[in-house]
Amino acid sequence: MRLTTVQILAGLLLLLSGPASAQDPVLVQALARKNGCMACHGMVHKQVGPGFAQVAERYRDDPTAPGRLAGRIRDGSVGTWGRVIMPRQSQLSEAQAKLLAQWVLVQPPP
C-alpha cells in the first residue's frame, strides 16, 4: 500500500491529537520509511544498526527508554550498539521522535 504525503500528515495529526494507545502502526511505519529509518534498521534483525525488535528487547523494561530513544533519534548517537554512528534526524519534531520511539519499543521480540 502506498501512502501519499497528505495521508501520512493527516494520520500523524490524528495520532498526535489522540491518546498513545490510538497509534496506527501502519502510519508510524510510514513515517519511519519516509525519514530513512528503514535504510539502516530492519524490523527484526540488524542491518547497519540494530533491528527495531532488538531495540525493543533491550529497553522493554526501562521506563525512561521512550524519552532517551526519542532524544537519540533527533540528536543521533554512537557507541550504544557498537561503533556505528546513528546520524541525527533533526528534521523530525520532538513529537514525531517520541512517536517513533514508542512504536519501536512495542515491537515483538526477535
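The analysis underlying the following values was restricted to heavy atoms, covering all of them including side chains, and did not include hydrogens, waters or symmetry mates. Fair warning: this is a prediction, and the values are worked out from it, not measured in the lab.
Under a 3.5 Å cut-off, the side chain of Gln29 and the backbone N or O of Val26 do not form any donor-acceptor pair. Of the possible polar contacts, one joining the Gln54 side chain to the Lys46 backbone as a donor-acceptor pair under 3.5 Å is found. Remark: side-chain polar atoms of His41 are paired, donor with acceptor, to backbone N or O of Pro50 under 3.5 angstrom.
A distance of 6.5 Å separates SG of Cys37 from CD1 of Ile73, quoted to the nearest 0.5 Å. One distance of note links CG of Leu31 with CZ of Arg33; it measures 12.0 Å at 0.5 Å rounding. In this structure, CG on Leu69 lies 6.0 Å from OH on Tyr59, to the nearest 0.5 angstrom.
At least one side-chain heavy atom of Thr80 sits under 4.5 Å from a side-chain heavy atom of Arg72. Taking 4.5 Å as the limit, every side-chain heavy atom of Phe52 sits out of range of all side-chain heavy atoms of Val44. Contact check for Met86 versus Trp81: no side-chain heavy atoms found under the 4.5 Å cut-off. Using a 4.5 Å heavy-atom threshold, the side chains of Met43 and Met38 count as touching.
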task: Take Glu94 and Gln96, measure what side chain to side chain donor-acceptor pair (under 3.5 Å) needs, and give me the verdict at the end.
output: CA-CA 5 Å; Glu94 287 185 32; Gln96 289 172 321; over 6 Å; no

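Glu57 approaches Pro109 most closely through the heavy-atom pair OE1-CB, 3.5 Å. The minimum heavy-atom distance linking Arg74 with Ala97 is given by the pair CG-CB, 3.5 Å. Here the closest non-hydrogen pair linking Trp103 and Pro25 is NE1-O, 3.8 Å. Residues Ala70 and Ala101 approach most closely at N-CB, 3.7 Å, considering heavy atoms. The two residues Leu92 and Leu100 come nearest to each other via the heavy atoms CD1-CD1, 3.7 Å. Residue Pro110 comes nearest to Ala53 through the heavy atom pair CD-O, 3.8 Å, listed as atom of the first residue, atom of the second, then distance.
In this structure, Arg88 places its CZ atom where only 12 or fewer heavy-atom neighbours from other residues, nucleotides or ligands lie under 6.0 Å away.
At a cut-off of 3.5 Å, with distance as the only test, no side-chain donor of Asn35 or Gln89 sits close to an acceptor on the other residue.
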